[in-house]
Student: 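Sharing a structure, written as structure tokens. Questions coming.
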Amino acid sequence: MSWGRRRRRFMIWESLAVLTANNGTCAYCYEASQTMDHVIPFADGGADELKNLVPVCRECNWSKGGKTPPAWHIGIDLRIRWSGDGTPQGGGSVDNSSLRDLYLSAHGEVLEMLDRLDEVAAEIADPKRLEWFRSRYGYLGYPSATNGAPRARAICEGRIAEAKKQGYPDPVMGHEEAVALARTTRQLLDAYFGSA
């Protein structure tokens, strides 16, 4: 249980590293990611660390709530496909499947989802990728009411996509990249403090 535990605040670079993983899409439904989800719910003792976070849309995050991905997926699947009529042996679904057959089908889908979540977690935890984000955006610090990950993401998304294509190059920046980072920094500062 999470009694007595406090959630940590993630720095903007950490949020960017999570939100842009999985091509910037929700790990559950592939819509654009908008927030981060604890795969193992924090309330149930899940780690409040990058390795337990995935990018998600707000709808999936709200729907999943404090459930684990398997419990959430199977619950949704059975609500959609099992009408509650008939018997556990059949008659309660559109295709007359038994409750066991529906569960086994959902079980296979859950295993595929867990494989995808492992891939996303590996992308987020990649040391070279994390160092790239930390070295480029560590200076942004913690989010505030006016300066947070969504604003930084909107401004930096092009650079992040280009870095992904290049395999997240060495943290030591060349002249061109330093100039581009200075421009990005200026945009972020103007957005934060307002243009002078």
Side-chain angles (χ1 to χ4, degrees), residues 2 5-43 46-66 69 72 116-171 173 177-196:
S2 66
R5 292 173 60 203
R6 292 183 60 164
R7 283 188 159 184
R8 69 175 271 225
R9 285 179 65 202
F10 290 94
M11 295 184 75
I12 291 174
W13 76 265
E14 294 172 303
S15 297
L16 288 171
V18 173
L19 291 170
T20 59
N22 199 41
N23 294 315
T25 62
C26 176
Y28 303 124
C29 75
Y30 298 105
E31 293 293 322
S33 64
Q34 300 159 314
T35 189
M36 303 183 296
D37 178 52
H38 289 83
V39 177
I40 305 301
F42 181 75
D48 202 17
E49 302 171 20
L50 293 180
K51 65 184 177 184
N52 188 37
L53 294 173
V54 293
V56 295
C57 67
R58 284 191 181 89
E59 188 173 335
C60 285
N61 196 36
W62 177 83
S63 174
K64 179 179 168 278
W72 174 61
R116 285 193 317 270
L117 291 176
D118 286 345
E119 290 172 12
V120 174
E123 178 183 359
I124 292 168
D126 175 30
K128 184 176 181 180
R129 184 177 183 275
L130 286 175
E131 180 56 27
W132 186 90
F133 276 93
R134 190 199 58 72
S135 68
R136 292 334 188 257
Y137 303 114
Y139 71 91
L140 295 174
Y142 291 95
S144 67
T146 57
N147 186 30
R151 176 172 281 165
R153 181 180 180 184
I155 293 170
C156 304
E157 214 155 25
R159 286 190 70 228
I160 294 168
E162 186 60 33
K164 181 178 180 175
K165 286 181 194 170
Q166 296 174 5
Y168 298 100
D170 187 354
M173 289 180 257
E177 188 173 8
V179 169
L181 182 59
R183 252 188 246 114
T184 301
T185 302
R186 186 75 204 151
Q187 286 178 303
L188 289 166
L189 290 172
D190 286 348
Y192 183 70
F193 293 111
S195 301

Student: Only counting residues at least two apart or in another chain, list the ones meeting side-chain contact (heavy atoms from CB on, under 4.5 Å) with A149.
Tutor: S15, L19

Student: Please report the closest heavy-atom contact between M11 and E14, naming both atoms and the distance.
Tutor: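 The answer is N-OE1, 2.7 Å.
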
Student: Any donor-acceptor pair under 3.5 Å linking the side chain of E123 with the backbone of A21?
Tutor: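 Not a single qualifying donor-acceptor pair exists.
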
Student: Is the shortest side-chain N to carboxylate O distance from E131 to R134 below 4.0 Å?
Tutor: yes

Student: Got a second to check how far L140's CG is from C156's SG, nearest 0.5 Å?
Tutor: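 SG of C156 is found 6.5 Å from CG of L140.
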
Student: Test of understanding: with side-chain contact (heavy atoms from CB on, under 4.5 Å), list the residues that count as partners of A17, not counting sequence neighbours.
Tutor: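 Only R129, L130, F133 meet the side-chain contact (heavy atoms from CB on, under 4.5 Å) criterion with A17.
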
Student: Which residues pass the side-chain contact (heavy atoms from CB on, under 4.5 Å) test with E31, not counting sequence neighbours?
Tutor: C29, C57

Student: Can you name the closest pair of heavy atoms from P55 and V120 and give their distance?
Tutor: CD-CG1, 3.7 Å

Student: Minimum heavy-atom separation for L117 and A27, please, with both atom names.
Tutor: CD2-CB, 3.7 Å

Student: Just verifying a value: how many Å separate Y137 OH and W132 CH2, rounded to the nearest 0.5 Å?
Tutor: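 One gets 4.0 Å once the value is rounded to the nearest 0.5 Å.
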
Student: Report yes if some heavy atom in the side chain of V18 is under 4.5 Å from a heavy atom in the side chain of S33; otherwise report no.
Tutor: no

Student: E157: which residues meet the side-chain contact (heavy atoms from CB on, under 4.5 Å) condition with it, sequence neighbours left out?
Tutor: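 Per chain and number, E157 pairs via side-chain contact (heavy atoms from CB on, under 4.5 Å) with R153.
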
Student: As an exercise, state the distance from NZ of K164 to OG1 of T20, rounded to the nearest 0.5 Å.
Tutor: 8.0 Å

Student: Output every pair passing salt bridge (Lys or Arg N to Asp or Glu O under 4.0 Å) with a member in residues 19-29, not counting sequence neighbours, ordered by first then second residue.
Tutor: none

Student: For a quick test of your reading: what N or O donor-acceptor pairs under 3.5 Å do the side chains of residues 35-42 make, sequence neighbours left out?
Tutor:
from : atom 1 : to  : atom 2 : distance (Å)
D37  : OD2    : Y28 : OH     : 2.7
D37  : OD2    : K64 : NZ     : 3.1
H38  : NE2    : D48 : OD1    : 2.6

